[in-house]
Every structure is written in C-alpha cells, then in structure tokens.
Amino acid sequence: AMYLRPDFFDMDHKARNFAYYEQITVRDSSLSAAIQSVLAAEVGHLELAYDYLWETALVDLADLQGNSADGMHLAAQAGVWTALVAGFGGMRVADGRVCFAPRLPEALTRLAFSLCYRDRRIYVNIEGPVASYALKRGKPIAAWHHGQPFTLGEGDPVELVIPPLFAGDTPRQPRGREPARHPSEGNAHKKA
C-alpha cells in the first residue's frame with residue numbers, strides 16, 4: 001500500500017511501518033524482496049535495499065526458493081526493474097504526476113533508465129549526489145524531484161541535487177530470514 005499509494009503516507013509513517021514489518025516479515029514469496037527493496041530505498045536503508053535487489057535478481061539464478069527447476073519466477077524478475085526504477089530511482093506516479101526521489105547505495109555509482117509517461121519519453125540519469133532528467137520525446141511536462149516541482153522541456157537536461165536522508169538504525173529481519181547478500185559478500189547462495 002505504501003508503494004502503490006505513496007500520497008496516503010508521510011515519510012515518518014513509512015519509516016515506522018517499514019521498521020515494524022521488517023522485523024516480522026518472512027518473505028516466503030518470490031515477490032516480497034522486490035517491494036521490500038523499494039520501501040527500504042525510499043526510507044533510506046539503501047544497503048538493505050541493495051541486498052533485497054540482489055535477492056530478487058538471484059531468485060532463479062541461485063535457486064533461492066528451491067524450485068527453479070519448475071520454471072522461472074517471471075514476476076520476480078520484473079521486480080528487478082521495479083527495485084531499480086521505483087526503489088533507487090524513486091519513481092512514483094501520484095495524483096497524476098510523475099515524481100522521482102532517487103538515492104543510490106554505495107555499491108551503485110550510476111543508474112540510468114528511460115520511461116514513457118503520457119506520450120513523453122523521459123530519460124533519468126543518477127550519478128552520485130546528482131540526478132539529471134531529460135525529455136527525449138513529447139511536449140513539456142511538470143515533474144517532481146524530492147517534492148520540488150520542475151519542468152522538463154526541449155533542450156538540456158535538468159540537473160538536481162539529491163538531498164541527504166538519515167534513516168536511523170537498519171531494522172533486523174526475523175532470525176534466519178535475512179536477505180541474500182550481493183555475490184561479492186560471499187553468501188549469495190544462502191537460502192533466504
């Protein structure tokens with residue numbers, strides 16, 4: 001609900017809800033980690049969001065559910081895009097407006113993606129503390145960056161600074177339900 005209706009929750013409620021549910025959610029669905037990645041990124045737990053991104057990406061490659069022989073988890077694989085674009089890209093549509101609140105974890109130095117929205121093609125490039133937005137096709141459009149409106153039109157990209165966010169302590173998961181870590185951390189094949 002917090003992902004699909006972001007306009008119904010303020011950031012404080014999202015952070016408290018995430019912290020509460022993170023401690024009791026066991027993620028027995030291949031679809032869970034993607035949405036947990038999105039919310040973790042939104043409330044500022046970027047490294048945890050990165051771990052959930054990897055869990056989503058590895059659900060079949062590392063057979064995290066123990067059932068990859070039965071077929072791929074296609075919705076979970078689409079969740080990788082969701083975790084990247086809605087999570088680290090912070091893309092939402094609220095009240096008919098396209099909004100972005102990007103933040104990258106330390107391990108990602110850049111994220112770029114294109115999307116089509118209301119007959120417009122928007123290109124987003126996030127590098128370090130700066131996000132740039134460019135309208136590649138269509139009429140000018142109002143958009144939002146971390147709650148601040150700006151206009152995308154023809155011409156040079158709009159570059160905006162990403163404000164810092166203090167997330168507080170990272171919530172813990174139920175015992176034995178920690179997310180699969182990035183492969184460089186050596187436990188990517190650990191069953192989540």
Side-chain angles (χ1 to χ4, degrees), residues 1-15 17-18 31 33-57 74-168 182 184:
M2 291 185 294
Y3 166 55
L4 293 175
R5 291 307 309 258
D7 47 326
F8 280 23
F9 303 90
D10 63 30
M11 189 59 77
D12 184 54
H13 281 99
K14 289 179 187 180
N17 285 345
F18 182 80
L31 305 177
I35 299 305
Q36 283 178 263
S37 178
V38 170
L39 268 293
E42 184 173 7
V43 300
H45 298 294
L46 299 175
E47 302 312 316
L48 180 58
Y50 189 66
D51 288 341
Y52 282 135
L53 166 67
W54 274 101
E55 182 174 307
T56 301
L74 293 178
Q77 296 312 309
V80 172
W81 186 90
T82 301
L84 288 167
V85 173
F88 298 122
M91 201 255 342
R92 302 284 189 283
V93 175
D95 296 327
R97 304 176 307 183
V98 63
C99 307
F100 300 93
R103 288 198 169 80
L104 296 181
E106 198 172 295
L108 291 179
T109 58
R110 179 174 182 248
L111 174 64
F113 57 91
S114 290
L115 61 104
C116 292
Y117 178 74
R118 295 189 172 180
D119 296 324
R120 290 144 174 115
R121 187 164 156 249
I122 301 170
Y123 176 74
V124 180
N125 184 50
I126 306 154
E127 288 189 73
V130 176
S132 68
Y133 305 93
L135 182 64
K136 297 295 186 177
R137 185 185 72 227
K139 296 178 183 177
I141 185 172
W144 277 255
H145 170 86
H146 287 280
Q148 299 301 312
F150 67 99
T151 301
L152 279 175
E154 294 181 27
D156 293 335
V158 175
E159 291 189 354
L160 299 167
V161 173
I162 299 169
L165 174 67
F166 177 72
H182 182 275
S184 68

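Starting from 1, each residue takes its place in the sequence as its number. The shown structure was predicted, so the numbers you read here are calculated from the model rather than taken from an experiment.
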Is the number of heavy atoms from other residues, nucleotides or ligands within 6.0 Å of CG (D12) greater than 12?
-> yes
Counting only heavy atoms not in R97, do more than 12 sit closer than 6.0 Å to its CZ atom?
-> yes
Just by distance, do the side chain of R120 and the backbone of K139 share a donor-acceptor pair under 3.5 Å?
-> yes
When every non-hydrogen atom of G89 is compared with those of I126, the smallest separation belongs to CA-CD1, 3.8 Å
Check: A15 main-chain N/O paired with H45 side-chain donor or acceptor under 3.5 Å | no
Please report the shortest heavy-atom distance between H145 and A131, naming the atom on each side.
-> CE1-CB, 4.0 Å
Using a cut-off of 6.0 Å, state whether more than 12 heavy atoms not belonging to D10 lie near its atom CG.
-> yes
Value for CD1 (I35) from OH (Y3), rounded to nearest 0.5 Å, stands at 5.5 Å
Are any side-chain N or O atoms of T56 and backbone N or O atoms of Y52, one a donor and one an acceptor, separated by less than 3.5 Å?
-> yes
Kindly determine whether V93 and R118 satisfy side-chain contact (heavy atoms from CB on, under 4.5 Å), including the steps that lead there.
-> CA-CA 11 Å; V93 175; R118 295 189 172 180; 6.0 Å; no
Do E47 side-chain atoms and E106 backbone N/O form a donor-acceptor pair below 3.5 Å?
-> yes
Using the ring of F9 (Phe, Tyr or Trp, six-membered ring only), decide whether K14 places NZ or CZ under 6.0 Å from its centre and within 45 degrees of its axis.
-> no
With a 4.5 Å heavy-atom cut-off, do V43 and M11 have their side chains touching?
-> yes
Got a second to check how far L104's CG is from I162's CD1, nearest 0.5 Å?
-> 6.0 Å
Would you check if the side chain of R103 reaches a backbone N or O of P163 as a donor-acceptor pair within less than 3.5 Å?
-> yes
Nearest-0.5 Å distance that lies between atom CZ in F150 and atom CH2 in W144 = 9.5 Å
Less than 4.5 Å apart, any side-chain heavy atom of R137 and any of C116?
-> yes
Taking all atoms of both residues into account, what is the closest heavy-atom pair of A49 and A41, and its distance?
-> CB-N, 3.5 Å
Shortest non-hydrogen separation from S114 to R121 and the atoms involved | OG-NH2, 3.7 Å
Which pair of heavy atoms, one from E159 and one from S132, lies closest together, and at what distance?
-> CG-CB, 3.7 Å
Quick one: does H146's side chain have a donor or acceptor within less than 3.5 Å of a partner on P102's backbone?
-> yes
Just how far is it from atom CZ of F18 to atom CE of M2, taken to the nearest 0.5 Å?
-> 8.0 Å
Plane angle bin for F88 and Y50 - parallel if under 30°, tilted between 30 and 60°, otherwise perpendicular = tilted
From L165 atom CG to E42 atom CD, the distance as rounded to the nearest 0.5 Å | 9.5 Å
Nearest non-hydrogen partners of N125 and A112, listed with the distance = OD1-CB, 3.6 Å
Rounded to the nearest 0.5 Å, how far does CD1 of I122 lie from OH of Y117?
-> 8.0 Å
